[in-house]
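Predicted model only: the values in this text are computed from it and were never measured. Nothing fancy with the numbering, it's 1 onward along the sequence.
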Amino acid sequence: MKTKKQALILGALLALSSGVQAEPSHLDSVIQQGQLRVCTTGDYKPYTFKAENGEYTGIDIAMARSLADSLGVKVEWVQTTWKTLMPDLVAGKCDIGMGGISVTLERQKKAFFSTTLDIDGKIPLVRCEDQALYQTVEQINQPAVRLVEPAGGTNEAFVHAFLPKAQLSLHDNVTIFQQLLDKKADVMITDASEALYQQKLKPGLCAVNPTRFMQYGEKAYLLPRDDMTWKLYVDQWLHLAKVTGHYQNVLGQWIATPESK
């Protein structure tokens, strides 16, 4: 005959087992809620940009809509910043972070990354007339050099790690390029993809050695670390987007590639 204590333990175990079985995966939750919540900064062309009318555009904006379509759900944009991206994801405010996010071990400690999108390292973006002055870390890491970076991202982290002697000012990532053109700053360290895009967009700015990275980097999507089912789905969707050419078509609308020239 079972004792009262044994009965309580058995009841607790059954309740726990029942709760585990009833808990939906993150993938199931997204489908059931009918929406994909996407954390994005809206300030990082060509990946994510929020216009004055509130509309989002960019490479990863198009890819977010593609992911939502594959799930049969709608997109809900969750405005964030580079400083608050990880806290927002960890707090459960979004299902995925998208918008030119660099892979770092610090971010990996708190979240999952999707499979790699692209290789995209750090290079200088400068006024074209000054390209010869800012070819190397040694040339840039000087007290007279004025660096400008957005706050809270991997660009600022690179400067603190490798360019501590230079003057650093932090600026919003929308009008930051005008600081270079107006000669209020000399160099911006950024990813090669952004530098090449801004070079096309703003005559007078040049990407310095865009295939010779000062620091190797990769881009991926940021995912909550609550279960593997969601990551496996995103990885498979991304794999199919690449092998079918959909991802390359989206890239071609924003970044010139050898195949699209």
Practice prompt. Determine, for Phe49 and Lys45, whether the Lys NZ or Arg CZ falls below 6.0 Å from the six-membered ring centre while staying within 45 degrees of the axis.
Written response: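 Flagged: Lys45 positioned over aromatic ring of Phe49.
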Enter the distance from [X]:[atom1] to [Y]:[atom2] here, rounded to the nearest 0.5 Å.
X	Y	atom1	atom2	result
Asn155	His160	CG	NE2	11.0 Å
Ile123	Arg212	CD1	CZ	10.5 Å
Phe177	His171	CZ	NE2	10.0 Å
Cys94	Leu222	SG	CG	8.0 Å
Leu125	Leu196	CG	CG	9.0 Å
Gln139	Leu133	CD	CG	7.0 Å

Worksheet item: Could you go step by step and tell me if Asp235 and Lys231 meet the salt bridge (charged side-chain N to carboxylate O under 4.0 Å, His left out) rule?
Response: CA-CA 6 Å; Asp235 285 347; Lys231 172 174 163 53; 2.8 Å; yes
Worksheet item: Between Met63 and His246, does a side-chain contact (heavy atoms from CB on, under 4.5 Å) hold up when you go through it step by step?
Response: CA-CA 9 Å; Met63 293 303 291; His246 175 67; 4.1 Å; yes
Could you check if a side-chain atom of [X] sits within less than 4.5 angstrom of a side-chain atom of [Y], using non-hydrogen atoms only?
X	Y	answer
Trp237	Ser66	yes
Trp254	Thr57	yes
Asn141	Pro164	yes

Worksheet, complete the sentence: Hits for ring-ring contact (aromatic ring centres under 6.0 Å, His included) against Tyr56, two or more places apart or cross-chain, chain-then-number order -> Trp77
Practice prompt. Report the residues that fulfil ring-ring contact (aromatic ring centres under 6.0 Å, His included) with Phe162, sequence neighbours left out, ordered by chain and then residue number.
Written response: Phe158
Linking I/L/V/M/F/W/Y whenever their side-chain heavy atoms sit closer than 4.5 Å, directly or via other members, would [X] and [Y] fall into one cluster?
X	Y	value
Phe113	Ile59	yes
Val234	Leu240	no
Val208	Leu201	no

Practice prompt. Identify the residue among Leu163, Leu168, Ile140 that makes a side-chain contact (heavy atoms from CB on, under 4.5 Å) with Val145.
Written response: Ile140
Item to complete: Would you list the pairs meeting disulfide bond (SG atoms under 2.5 Å apart) in which at least one residue belongs to residues 138-245, sequence neighbours left out?
Response: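 Found Cys128-Cys206.
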Worksheet item: Quick one: salt bridge (charged side-chain N to carboxylate O under 4.0 Å, His left out) pairs with a partner in residues 128-143, sequence neighbours left out?
Response: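 For residues 128-143: Arg127-Asp130, Glu129-Lys183.
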Worksheet item: Should the heavy atoms of other residues, nucleotides or ligands under 6.0 Å from NZ of Lys242 be counted, would the total exceed 12?
Response: yes
Fill in: Other residues, nucleotides, ligands: >12 heavy atoms within 6.0 Å of Lys202 NZ
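Yes, because the 6.0 Å sphere around NZ of Lys202 holds more than 12 heavy atoms from other groups.
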Worksheet item: Is the closest basic N to carboxylate O distance between Lys122 and Asp191 below 4.0 Å?
Response: yes
Worksheet item: Can you list the steps and then say if Leu27 with Leu71 is a side-chain contact (heavy atoms from CB on, under 4.5 Å)?
Response: CA-CA 9 Å; Leu27 172 61; Leu71 293 159; 3.6 Å; yes
Discussion item. Gln131: which residues meet the side chain to side chain donor-acceptor pair (under 3.5 Å) condition with it, sequence neighbours left out?
Written reply: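 If we apply the side chain to side chain donor-acceptor pair (under 3.5 Å) test to Gln131, skipping adjacent residues, there are no hits.
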Check residues 96-106 and write down every donor-acceptor pair under 3.5 Å in which the side-chain atom is one partner and the other belongs to a residue at least two apart or another chain.
| residue | atom | partner | partner atom | Å |
| --- | --- | --- | --- | --- |
| Ser102 | OG | Lys219 | NZ | 3.4 |
| Thr104 | OG1 | Arg107 | N | 3.1 |
| Glu106 | OE2 | Lys109 | NZ | 2.7 |

Item to complete: Specify the closest pair of heavy atoms between Met188 and Pro150, including all atoms of both residues, with the distance to one decimal.
Response: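 That closest heavy-atom pairing would be CE-CD, 3.9 Å.
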Discussion item. In this structure, is the centre-to-centre distance between the rings of Trp82 and Tyr44 below 6.0 Å?
Written reply: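 Yes, ring centres under 6.0 Å apart.
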Worksheet item: Going through the distances and angles, do Asp60 and Thr40 end up as a side-chain contact (heavy atoms from CB on, under 4.5 Å)?
Response: CA-CA 9 Å; Asp60 284 344; Thr40 193; over 6 Å; no
Item to complete: Evaluate side-chain contact (heavy atoms from CB on, under 4.5 Å) for Leu180 paired with Asp186, printing each intermediate quantity in order.
Response: CA-CA 6 Å; Leu180 295 172; Asp186 303 311; 5.7 Å; no
